[in-house]
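Below is one structure, written out as structure tokens; the observations come after it.
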Amino acid sequence: MKSRPAFFEHAAFPSVWPGALLRQVPGPSDRRPLVIALPYAGGGAAAFTEWRTLLDGDCALLPVHLPGRERRFQERPYRRMTHLVRDLVEEVGPLMDRRVVFWGHSMGAAVSVALTIELARQGTPPPAHVIVSGAGSPDRRDAKDLVHVLDDERLAARLRQYEGTPHEVLENLDLLNLVLPVIRADFELLETWSRPRPAPLQTPLTVLYGKEDRSVSEYQVDGWPSYSDRPVDLRPFAGGHFFIRAHVAEIAEIVRERAIGVGS
């Protein structure tokens, strides 16, 4: 088999060790705001490399390193939201006395909501801001559209529709067989989550979405304002589900503003 592409491993995050969701967390003397970045289904920390570089001077972007991918390729992925959130709380909770922003794309958007809800349940201060992209509100997800139960052929076809999986993976059966179990597990995590009904989060919310995203309807996007009792900012962008890749600089500026407190 040929060597694995960057989809599996990325040199931009050299200081890694098994079991850690967050790495290279700045020490207490570094008072930059923290941005906890939560990836989409099948995605990893490398998905946020460009933003990490652009934001480095103003805030510390900390991508979540999920098992089953990149340097944690040999580890079993999460299959239940409660398990992932439990472990995230252990690592994120102690940081919440600082200015922290959550940013999640697609699956990561749901994780950011679940994490915010659990932190509040435990009496931990909320994030200063939550940014969600490429996702509709949790209560408006189509419960009948279960991606994780599709056979491999149909699952691969769905990935092509999202236009987020590298072409080199989709066209190589060996690579595809390696990534499909992880992607299936991620969708299982998302689709078995007992999605909360709108219960206002005590944090401002920014919603970024692609105007041509066939997987997220206008109706689903319009459900987000009921998830916060603070200002909710809806921001449309040209593009489909992975519109963020075509608007790196614009989105970096939004993340920066939310992290340092502009527009919060």
Side-chain angles (χ1 to χ4, degrees), residues 4-8 10 37-51 64 66 68-70 77-79 81 103-113 131-193 195 207-224 234-248 250-251:
R4 294 196 297 265
F7 182 78
F8 297 91
H10 203 285
L38 299 140
Y40 49 86
F48 297 100
T49 300
E50 290 183 271
W51 289 283
V64 172
L66 294 174
R69 64 218 79 198
E70 299 171 330
Y78 290 98
R79 293 183 179 275
M81 181 74 80
W103 171 27
H105 185 75
S106 195
M107 178 188 77
V111 178
S112 69
V113 170
I131 303 170
V132 294
S133 57
S137 65
D139 62 309
R140 296 191 178 187
R141 180 177 176 83
D142 184 357
K144 296 180 181 179
D145 183 24
L146 298 178
V147 177
H148 79 276
V149 302
L150 298 176
D151 60 30
D152 287 354
E153 184 177 352
R154 293 181 187 178
L155 179 55
R158 181 63 70 92
L159 297 180
R160 289 186 175 89
Q161 292 178 13
Y162 291 141
E163 300 180 336
T165 305
H167 179 77
E168 63 184 325
V169 173
L170 290 172
E171 299 305 319
N172 185 310
L173 186 58
D174 289 334
L175 295 180
L176 193 59
N177 287 337
L178 285 173
V179 303
L180 284 183
V182 177
I183 294 173
R184 189 183 303 281
D186 286 353
F187 275 105
E188 183 178 343
L189 177 150
L190 179 62
E191 294 167 354
T192 57
W193 178 40
R195 296 180 294 278
V207 181
L208 314 178
Y209 64 97
K211 292 185 287 185
E212 290 80 46
D213 187 348
R214 292 179 293 173
S215 66
V216 181
S217 69
E218 184 177 347
Y219 167 76
Q220 292 169 324
V221 171
D222 287 344
W224 278 115
L234 302 181
R235 296 284 190 97
F237 286 84
H241 193 61
F242 285 92
F243 67 91
I244 57 174
R245 294 175 179 172
H247 302 278
V248 173
E250 295 171 72
I251 291 172

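Residue numbers count from 1 along this sequence.
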Salt bridge present between [X] and [Y] (N-O < 4.0 angstrom):
X      : Y      : answer
Arg184 : Asp152 : yes
Arg141 : Glu191 : yes
Glu171 : Arg160 : yes

Side-chain touch [X]/[Y], heavy atoms, less than 4.5 angstrom:
X      : Y      : value
Trp193 : Pro138 : yes
Leu208 : Val132 : no
Pro39  : Leu66  : yes
Val169 : Leu159 : no
Asp186 : Arg69  : yes
Met107 : Phe187 : no
Glu218 : Asp213 : no

Could you tell me whether the side chain of [X] and the main chain of [Y] form a donor-acceptor pair under 3.5 Å?
X      : Y      : answer
Gln220 : Ser217 : yes
His247 : Ala238 : yes
Arg140 : Tyr219 : yes
Trp224 : Ala135 : yes
Asn177 : Leu173 : yes

Measuring from atom [atom1] of [X] to atom [atom2] of [Y], what distance do you get when rounded to the nearest 0.5 angstrom?
X      : Y      : atom1 : atom2 : answer
Glu188 : Ile183 : CD    : CD1   : 14.0 Å
Leu190 : Ser106 : CG    : OG    : 7.5 Å
Ile244 : Ile251 : CD1   : CD1   : 6.0 Å
His148 : Leu155 : NE2   : CG    : 11.0 Å

Chi angles and distances behind the ring pair (Phe, Tyr, Trp, His ring centres under 6.0 Å) call for Phe243, Tyr209:
CA-CA 8 Å; Phe243 67 91; Tyr209 64 97; 7.8 Å; no
Please find out if less than 6.0 Å separates the ring center of Phe48 from that of His105.
no
For the residue pair Ser133 / Trp103, report whether a side-chain donor-acceptor contact shorter than 3.5 Å exists.
yes
Minimal non-hydrogen separation, [X] against [Y], with atom names:
X      : Y      : result
Val182 : Leu178 : CG2-O, 4.3 Å
Leu170 : Thr165 : CD1-O, 3.8 Å
Leu150 : Leu146 : CG-O, 3.9 Å

Is there a side chain to side chain contact (heavy atoms under 4.5 Å, CB included) between Tyr162 and Arg214? Walk through the geometry before answering.
CA-CA 8 Å; Tyr162 291 141; Arg214 292 179 293 173; over 6 Å; no
Is the ring pair Phe242/Tyr40 parallel, tilted or perpendicular, if the boundaries are 30 and 60 degrees?
perpendicular
Inspect the surroundings of CD in Gln161 and state if more than 12 heavy atoms from other residues, nucleotides or ligands are less than 6.0 Å away.
yes
Counting heavy atoms not belonging to Arg245, are there more than 12 under 6.0 Å from its CZ?
yes
